[in-house]
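Below is one structure, written out as structure tokens, with a few remarks after it.
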Amino acid sequence: MMSKKKKPSRVTQNTLNTAKRLLRYMTESYKVQFVIVFICILLSSIGTISVSLSLKFLLDDFIIPLIGQQTPDFSGLYSALAVLACIFLVGVAATFTYTRMMVYIGQGVLKKVRDDMFEHMQTLPIRYFDQRTNGSIMSLYTNDTDTLRQMISQAIPQALMSFFTIIVTFISMIILSPLLTILAVVIIFVMLAVTRLIGGNSGKFFVRQQMSLADVTGFVEERMNGQRVVKVFNHERKSEQEFDKLNEALFQSAASANKYANMMGPVIGNIGNLQFVLTAVLGGFLSVAGVGGITLGVMASYLQFTKSFTQPFMQVAQQFNSIIMALAGAERIFQLIDEKPEVDEGYVTLVNAKKDEKGNIVECEERTGMWAWKHPHSADGSVTYTELKGDVVFEDVTFGYNDDKVILHDISLYAKPGQKLAFVGSTGAGKTTITNLINRFYDIQDGKIRYDGINITKIKKDDLRRSLGIVLQDTHLFTGTIMDNIRYGKLDATDDEVYEAAKLAHADHFIRMLPNGYQTLLSSDGEELSQGQRQLLSIARAAVADPPVLILDEATSSIDTRTEQIVQQGMDNLMKGRTVFVIAHRLSTIRNSDAIMVLDHGKIIERGDHKDLIKQKGTYYQLYTGKLELS
């Protein structure tokens with residue numbers, strides 16, 4: 001029975017594909033520089049080998065013939081040494097050139113890799129970040145890219161140098177003695193078999209090491225952010241135990257990977273020593289027997305070549321750790337770059353608009369305060385414009401984050417322009433999910449969501465989200481000035497627009513009380529401010545965007561009652577003329593809503609305004625009177 005050909009393992013195949021892809025990164029971006037490096041490494045290896053090869057000619061052609069002469073002529077020897085010196089200097093210059101150039105190429109490739117990662121990361125859906133810790137993603141930009149730096153600047157030049165050295169050495173060995181080269185070929189196969197065996201095991205564990213390192217980084221980042229919670233609940237010991245478990249996994253994978261990788265050098269070195277001894281014995285026997293024309297010069301050069309031939313394998317073995325770690329890191333990096341971007345099949349865009357003398361909507365370049373949806377029709381090539389008013393309708397919407405777990409069941413609701421809708425319900429009822437569907441952080445499984453009569457799947461996501469303002473319960477402030485953070489809602493906002501937005505949110509007073517006012521520098525998510533002040537800045541950021549639709553997700557939950565009364569005035573000003581979706585635990589803040597939706601397990605069980613729901617004496621009535629509490 002014929003044996004089936006063994007397929008390459010997944011780790012080996014992935015490693016090969018990753019290496020090819022990484023090589024393309026270098027050659028495509030730095031093709032000319034890489035060719036120069038290639039030539040310089042070849043010249044450097046030739047220069048190195050020429051020293052060993054010169055022993056044969058110096059001994060047989062110049063030194064031995066001069067022995068015993070009464071008036072030796074050293075001119076030929078001096079000329080040969082001068083030529084050898086020139087070759088050696090060319091090799092040194094080539095080595096200096098490619099070493100400097102590889103540093104430049106390495107940093108350039110890393111820059112391109114980071115640019116590609118970050119650029120692609122901006123296109124990924126929210127679901128990707130929900131399924132991964134911040135620390136594991138950060139590990140791609142730090143640990144994994146650093147392994148690439150080491151490989152590109154050190155390991156790859158060394159590997160290329162070794163490759164050329166092996167080729168040039170092997171050719172020289174054949175020229176010197178074909179018989180002795182047969183022994184070298186046998187040793188080559190032994191070395192390759194050992195490298196394949198040890199390297200395969202090492203590569204498998206290096207992949208695990210990089211994954212474990214990402215887990216450790218993610219855990220540390222998470223615990224640093226939640227250090228107050230850890231201390232308040234005396235969770236230090238438990239955190240230590242969890243960290244020890246992750247660190248132990250990292251230790252085991254790293255120890256196994258380095259065990260095999262560090263084994264490579266001594267094994268290859270001893271095989272090289274064995275080759276040296278066998279070559280000396282076999283060469284001496286052939287020389288005495290007068291077979292193969294082996295002279296003293298040939299033996300001296302050939303024995304030197306056996307060291308030169310083994311040394312490249314040793315050098316590759318020394319760089320093996322860096323190469324495998326870098327390829328494991330590159331594989332994780334390419335996994336991010338290969339992640340499917342957020343799908344956007346929309347073709348309806350948001351444009352500046354105005355009305356002409358006949359009252360028709362026309363597109364314009366300048367900002368007029370009026371927006372319109374530009375809707376091209378492929379059937380006849382016509383374009384229609386619909387004024388952006390903020391009319392939102394849900395029609396029998398069903399949604400689940402996973403197909404086997406439905407969160408919303410046949411949700412139908414509408415919000416006319418300028419209306420305020422409030423959602424009430426316990427945690428997990430589906431309140432925030434509804435707002436996430438409006439801005440298409442997730443796509444629904446069934447039903448339709450219409451925005452000004454247009455199915456939101458037809459609207460480009462960037463334009464859809466540009467028309468929405470969101471104030472979340474968990475505020476996030478970026479490193480920069482207060483003015484920069486408010487202007488994040490509208491990057492081209494003027495200073496006056498920022499001031500007006502802050503006044504509208506009732507943030508202007510406390511900002512001006514700060515030492516540097518609007519130029520106060522924030523860091524670490526604005527930890528120098530109170531939670532209420534951070535929320536006020538978040539509200540001001542939404543105000544400067546001046547969107548027609550506003551989503552307030554527990555926007556005042558972290559503000560004390562006294563501050564809430566002040567903020568509520570600004571919130572009322574902010575909500576005037578806008579369609580507003582409000583999620584609130586404090587029912588006092590939604591009494592004036594045009595409609596209140598009470599949700600339970602993804603279904604709307606009650607709807608109406610405050611007075612209607614009180615009259616019904618159902619769930620909302622029990623919540624409002626305190627007979628039932630939100631969980």
Any donor-acceptor pair under 3.5 Å linking the side-chain atoms of [Y] with those of [X]?
{"X": "S378", "Y": "Y347", "value": "no"}
{"X": "T384", "Y": "H377", "value": "yes"}
{"X": "S593", "Y": "D609", "value": "no"}

Are [X] and [Y] packed together at the side-chain level, in the sense that at least one heavy-atom pair is separated by less than 4.5 angstrom?
{"X": "T457", "Y": "E345", "value": "no"}
{"X": "E387", "Y": "D452", "value": "no"}
{"X": "S523", "Y": "E528", "value": "yes"}
{"X": "N247", "Y": "L250", "value": "yes"}
{"X": "F423", "Y": "T433", "value": "no"}
{"X": "L148", "Y": "I333", "value": "yes"}
{"X": "T520", "Y": "L529", "value": "no"}

Donor-acceptor under 3.5 Å ([X] side chain, [Y] main chain):
{"X": "T368", "Y": "A353", "answer": "yes"}
{"X": "Y620", "Y": "D612", "answer": "no"}
{"X": "D553", "Y": "I583", "answer": "no"}
{"X": "R465", "Y": "N439", "answer": "yes"}

_Please check if the number of heavy atoms outside H120 that lie under 6.0 Å from its NE2 is greater than 12._
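Check passes, neighbour count above 12.
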_Exceeds 12 heavy-atom contacts within 6.0 angstrom, atom CZ of F510_ =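 Above 12, so yes.
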Return a table of donor-acceptor pairs under 3.5 angstrom between the side chains of residues 440-448 and protein atoms on other chains or two or more places apart.
unit_1: R440; atom_1: NE; unit_2: D443; atom_2: OD1; d: 2.9
unit_1: R440; atom_1: NH1; unit_2: I456; atom_2: O; d: 3.4
unit_1: R440; atom_1: NH2; unit_2: D443; atom_2: OD1; d: 3.1
unit_1: R440; atom_1: NH2; unit_2: D443; atom_2: OD2; d: 3.3
unit_1: Y442; atom_1: OH; unit_2: D130; atom_2: OD2; d: 2.2
unit_1: Q445; atom_1: OE1; unit_2: G400; atom_2: N; d: 2.8
unit_1: Q445; atom_1: NE2; unit_2: G400; atom_2: O; d: 3.0

_Whether E500 and K490 form a salt bridge (side-chain N of Lys/Arg under 4.0 Å from carboxylate O of Asp/Glu) is what I want to check._
no
_Check this for me: does any side-chain nitrogen of one of K112 and D116 sit under 4.0 Å from a carboxylate oxygen of the other?_
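Yes, this pair counts.
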*Start with the C-alpha gap between R149 and T145, add the side-chain angles, then the distance that decides, and say whether side chain to side chain contact (heavy atoms under 4.5 Å, CB included) holds.*
CA-CA 6 Å; R149 177 190 60 78; T145 54; over 6 Å; no
*For N143 and L213, what are the C-alpha separation, side-chain angles and deciding distance, and is it a side chain to side chain contact (heavy atoms under 4.5 Å, CB included)?*
CA-CA 8 Å; N143 298 324; L213 185 59; 3.5 Å; yes
*According to the interplanar angle, ranging from 0 to 90°, do the rings of F399 and Y401 count as parallel (below 30°), tilted (30 to 60°) or perpendicular (above 60°)?*
perpendicular
*May I ask you to decide if the ring planes of H476 and F478 are parallel, tilted or perpendicular, using 30° and 60° as cut-offs?*
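Judged by the thresholds at 30° and 60°, the geometry between H476 and F478 is perpendicular.
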*Should the pair K416 and Y414 be classed as cation-pi, given the thresholds of under 6.0 Å to the six-membered ring centre and 45° from the axis?*
yes
_Could you check whether R487 makes a cation-pi contact with Y518, meaning its NZ or CZ is under 6.0 Å from the centre of the six-membered ring and within 45° of the ring axis?_
no
*asked:* With side chain to side chain contact (heavy atoms under 4.5 Å, CB included) as the criterion, how do L124 and L336 come out once you've worked through the C-alpha distance, each side chain's angles and the decisive distance to 0.1 Å?
replied: CA-CA 9 Å; L124 297 179; L336 167 63; 3.6 Å; yes
*Apply the test side chain to side chain contact (heavy atoms under 4.5 Å, CB included) to residues N352 and E366: give CA-CA distance (whole Å), side-chain angles for both, the deciding distance (0.1 Å), then the verdict.*
CA-CA 7 Å; N352 290 304; E366 69 277 5; over 6 Å; no
*Atom of G602, atom of I411 and distance for their closest heavy-atom approach*: O-CD1, 3.4 Å
_Nearest 0.5 Å, please: how far is OG1 in T349 from CG in D463?_
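If I round to the nearest 0.5 Å, the distance is 5.5 Å.
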